Structures are given as C-alpha cells and as structure tokens.
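Structure first, then comments.
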Amino acid sequence: MALRRALHFVFKVGDRTKTATFYRDVLGMKILRHEEFEEGCKATCNGPYDGKWSKTMVGFGPEDDHFVAELTYNYGVGEYCHGNDFLGLTLQSSQAVSNAKRLNWPLKQVEESLYMTEAPGGYRFYLIDKELPNCDPVQKVSLAVSDLQRSVHYWSALLGMKVIEKNEDKKIALMGFSDNQCKLELQDIGGAVDHGTAFGRIAFACPRDQLPDIEALMKKEKQKILTPLVRLDTPGKATVEVVILADPAMAADKSDEWFAKHNKQKASA
C-alpha cells in the first residue's frame with residue numbers, strides 16, 4: 001500500500017539502566033528522543049496504567065526511514081509477565097554480535113551466522129552476523145498467531161500488505177508494505193496467543209486521509225477497533241493521530257494491535 005511504512009514496536013521495560021546498556025552498548029542503537037508523561041496515555045500507549053511514565057525511541061537511524069524501538073517505562077512497575085505473542089526481532093549486525101561477546105552478554109548460536117540474545121525483560125532478538133547494511137538493519141518482527149490464514153487475510157485484504165514469503169509446512173508468512181522496510185513475520189503457534197502483561201504494539205505510518213477509511217473498513221468488516229481515531233498531543237512535538245486495531249488471529253483483548261498513526265506535521269512514508 002503506497003505511503004504505508006513500518007514504524008516501531010513498543011516494548012515495556014522495567015529496568016531503564018540495563019535496558020539502555022542492551023540497546024546502546026550491545027545492539028549499537030542510538031537514543032533518538034525521550035519524553036516524560038505525568039499520566040497515562042488516552043490511547044493506552046503505556047498499557048493499562050494511569051500514573052507517570054516515559055517513552056524512549058531508540059534505533060539505528062532517524063524514525064523517518066528506520067524501524068525503531070519504543071521503550072515504555074511505567075514508574076513503579078519493575079517487571080512484566082511475558083506471554084507467547086512476541087517471538088523476536090531480527091537485525092543484521094556483526095558489530096552487535098561482537099559487542100555481546102565483548103560484554104559477556106548471553107548469546108546463543110542458533111544456526112550459522114545467526115545468534116539469539118535477550119533484552120532485559122526477556123524480549124528475544126536475533127542477530128545476523130553480517131556487516132551492517134547501508135539501509136535499515138532491522139529486518140523483521142515476528143509475532144504469534146492462532147490462525148495463519150485468517151491473519152494473512154486480515155493484513156493483506158484489509159490492510160494492504162503484500163505476502164512476500166509463505167511456508168505452509170512451517171506455518172509462517174512474511175509480509176510487508178514494501179521490500180525495503182522492516183517486515184512482519186506471522187507464525188501460527190497452533191493454539192491461543194497469550195499476551196501476559198508485557199504485550200506490545202507494532203506501529204505503521206500512513207497518510208492522514210487514510211485513517212478514517214481504515215476505521216470505516218474495520219467497522220464494515222466487523223473487526224475489533226481498540227481505539228477509534230484519536231489525536232495525541234505532546235507539548236513541543238507534532239500532534240499524532242492514531243487508530244488502534246486488533247488482528248483477530250492474535251486473539252486478544254489486550255493487544256495484537258495494528259497501531260496506524262499519522263504525524264500531523266509530516267506524513268511518514
């Protein structure tokens with residue numbers, strides 16, 4: 001779908017110091033921006049919490065053309081219960097592999113030139129042991145679904161993604177809006193998806209004028225809309241408008257969200 005782009009994944013973190021060490025010193029990401037909030041987000045960006053919280057955007061490059069991580073910290077919440085929904089984020093960086101070895105960060109080789117490590121809180125990251133590419137090194141985010149066919153239909157027929165690869169035997173589909181951006185990998189786990197309390201969101205950008213149409217289509221198709229079109233104002237920042245949806249094959253009341261957003265100042269592409 002023209003002008004739609006993968007933006008970020010939201011991770012809830014309980015230890016900001018250890019988290020900073022992982023993303024900065026192990027992965028090699030940079031802090032792009034940091035924001036503090038005195039009360040919960042009206043679009044539940046920080047989860048079902050009403051108190052003070054913060055978000056820190058980190059990545060290998062600008063948010064305009066890189067897939068980044070949004071690290072959400074709720075003051076007073078030190079840990080979250082993980083489910084089976086988030087399966088991992090894959091990126092290409094031999095430097096990250098070297099950093100992990102140098103810092104004695106736990107690292108497990110899963111196949112040739114591919115390693116698995118975990119961020120604080122238990123989020124899995126897969127590191128391809130090759131030089132950083134000239135483009136965004138983040139290749140895909142892998143999420144669990146309970147019904148692959150239903151989920152593929154949702155993302156392709158309703159949201160305009162294209163199926164890039166599909167393996168019926170492994171029950172895996174790789175999808176995206178274009179070949180040169182972070183992909184969404186869906187894996188059928190053959191059972192219910194459990195989100196625990198650490199459930200995250202994946203966000204995509206689209207032009208502002210597409211948001212009402214997306215919302216109307218979901219209503220017509222009787223799909224779940226977790227948050228209708230809403231404006232999120234941040235002092236000193238551009239206004240963001242979002243619609244938050246739920247993939248029916250991720251079967252949750254809490255997340256499985258397709259977080260469509262638009263920056264009022266500048267439409268992401």
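The figures that follow rest on heavy atoms only: side chains count, while hydrogens, waters and symmetry mates do not. The structure displayed is predicted, hence computed values, not measured ones.
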Are Phe37 and Glu35 close enough that some pair of their side-chain heavy atoms sits under 4.5 Å apart? yes

Flag side-chain contact, heavy atom, 4.5 Å: Leu27 against Ser93: no

Heavy-atom side-chain contact between Asp25 and Leu103 under 4.5 Å: yes

Step by step, would you call Glu70 with Arg201 a salt bridge (charged side-chain N to carboxylate O under 4.0 Å, His left out)? CA-CA 9 Å; Glu70 178 177 317; Arg201 292 173 171 171; over 6 Å; no

Pairwise distance NZ(Lys219) to NZ(Lys222) - rounded to 0.5 angstrom: 12.5 Å

Atom NZ in Lys130, atom CD in Gln92: separation rounded to 0.5 Å? 6.0 Å

Is the number of heavy atoms from other residues, nucleotides or ligands under 6.0 Å of Glu79 CD greater than 12? no

Contact between Val77 and Tyr49 at the side-chain level, heavy atoms closer than 4.5 Å - yes or no? yes

Criterion side chain to side chain donor-acceptor pair (under 3.5 Å) on Asn74 and Asn46, from CA distance to verdict: CA-CA 7 Å; Asn74 288 290; Asn46 63 314; 2.9 Å; yes

Derivation of the salt bridge (charged side-chain N to carboxylate O under 4.0 Å, His left out) call for Lys224 and Asp247: CA-CA 8 Å; Lys224 182 180 291 186; Asp247 179 340; over 6 Å; no

To the nearest 0.5 Å, atom CD of Gln187 lies from atom CD1 of Ile189 at 8.5 Å

Ignoring hydrogens and geometry beyond distance, is a side-chain donor-acceptor pair present between Trp105 and Asn99 at under 3.5 Å? no

Specify the closest pair of heavy atoms between Leu148 and Leu186, including all atoms of both residues, with the distance to one decimal. CD1-O, 3.7 Å

Could you go step by step and tell me if Met57 and His34 meet the side-chain contact (heavy atoms from CB on, under 4.5 Å) rule? CA-CA 6 Å; Met57 310 301 289; His34 177 80; over 6 Å; no

Donor-acceptor contact present, side-chain Ser151 to main-chain Asp147, <3.5 Å: no

Student check: side-chain heavy atoms of Ser54 and Thr72 closer than 4.5 Å: no

Closest non-hydrogen contact found for Lys101 with Tyr115 is NZ-OH, 3.6 Å

Do Ser94 and Asp129 get their side chains close enough for a donor-acceptor pair, meaning under 3.5 Å? no

With a 4.5 Å cut-off on side-chain heavy atoms, are Gln139 and Ile128 touching? yes

Arg4 side chain vs Ser178 backbone, donor-acceptor pair below 3.5 Å: no

To the closest 0.5 Å, what do you measure between CZ (Phe177) and SG (Cys206)? 8.0 Å

Just jot down the ring pair (Phe, Tyr, Trp, His ring centres under 6.0 Å) partners of His82, sequence neighbours excluded, or say none. Tyr123

Mark yes or no for whether Asp136, through its side chain, and His66, through its backbone, hold a donor-acceptor pair below 3.5 Å. no

With distance as the sole test, does Thr117 use its side chain to make a donor-acceptor pair with the main-chain N or O of Pro106 at under 3.5 Å? yes

Same cluster (ILVMFWY, side-chain, under 4.5 Å), Val26 and Tyr126: no

For the aromatic rings, using the six-membered ring if either is Trp, is the centroid distance between Phe9 and Phe86 under 6.0 Å? yes

Does Gln223 form a side-chain contact (heavy atoms from CB on, under 4.5 Å) with Leu158? I'd like the steps, not just the answer. CA-CA 10 Å; Gln223 299 292 334; Leu158 301 184; 3.9 Å; yes

Same apolar cluster: Leu174 and Leu143, side chain cutoff 4.5 Å: no

In terms of hydrophobic clusters joined by side-chain contacts under 4.5 Å, are Phe22 and Leu32 together? no

Does Tyr73 have its ring centroid less than 6.0 Å away from the ring centroid of Trp53? no

Can you find a side-chain donor-acceptor pair between Tyr75 and Glu36 that sits under 3.5 Å? yes

Checking side-chain contact (heavy atoms from CB on, under 4.5 Å) for the pair Leu245/Leu226: CA distance, chi angles, key distance, verdict? CA-CA 5 Å; Leu245 311 172; Leu226 297 176; over 6 Å; no

Go through it in stages, so that I can follow the logic: the residues are Thr56 and Arg16, the test is side chain to side chain donor-acceptor pair (under 3.5 Å), and I'd like the CA-CA distance, side-chain angles, deciding distance and then a yes or no. CA-CA 10 Å; Thr56 306; Arg16 288 201 292 190; 5.6 Å; no

Does any N or O in the side chain of Thr44 come within less than 3.5 Å of the main-chain N or O of Gly47, such that one atom is a donor and the other an acceptor? no

side-chain contact (heavy atoms from CB on, under 4.5 Å) for Leu91 and Leu127? Distances and angles first, verdict last. CA-CA 5 Å; Leu91 62 91; Leu127 311 179; 3.7 Å; yes

For a quick test of reading the model, state the closest non-hydrogen atom pair linking Ala249 to Arg150 and the distance between them. CB-CB, 4.4 Å

Enclosure of Ile225 CD1 (heavy-atom neighbours >12, cutoff 6.0 Å): yes

Out of curiosity, Glu118 CD to Leu107 CG, how far, rounded to the nearest 0.5 Å? 11.0 Å

NZ/NE/NH1/NH2 to OD/OE distance under 4.0 Å, Glu185 and Lys183: no

Cluster question for you: counting only ILVMFWY and a side-chain heavy-atom cut-off of under 4.5 Å, with indirect links fine, are Met116 and Leu87 together? no

Shortest non-hydrogen separation from Glu241 to Leu211 and the atoms involved: O-CD1, 3.7 Å

Whether Glu165 side chain and Ala173 backbone form a donor-acceptor pair below 3.5 Å: no

Stacked cation flag Lys12 on Phe199, 6.0 angstrom / 45 deg: yes

Flag side-chain contact, heavy atom, 4.5 Å: Met161 against Phe204: yes

Is there a donor-acceptor pair closer than 3.5 Å between any side-chain N or O of Tyr23 and the backbone N or O of Ala69? no

To the closest 0.5 Å, what do you measure between CE (Met29) and CD1 (Ile31)? 12.0 Å

Which heavy atom of Leu89 sits nearest a heavy atom of Val141, and at what distance? CD1-CG2, 4.0 Å

Cut-off 3.5 Å, side chains only: do Ser98 and Gln95 have a donor facing an acceptor? no

A side-chain contact here means heavy atoms from C-beta on lying under 4.5 Å apart; do Val163 and Val152 qualify? yes

Can you confirm whether the side chains of Arg24 and Thr19 place a donor and an acceptor under 3.5 Å from each other? no

How close do Ile164 and Met175 get, counting heavy atoms only, and between which atoms? CD1-C, 4.0 Å

Give a yes or no on whether Lys166 atom NZ has more than 12 heavy-atom contacts from other residues, nucleotides or ligands under 6.0 Å away. yes

Where the side chain of Asp85 meets the backbone of Ala144, is there a donor-acceptor pair that is under 3.5 Å apart? no

Donor-acceptor under 3.5 Å (Gln181 side chain, Ala6 main chain): yes

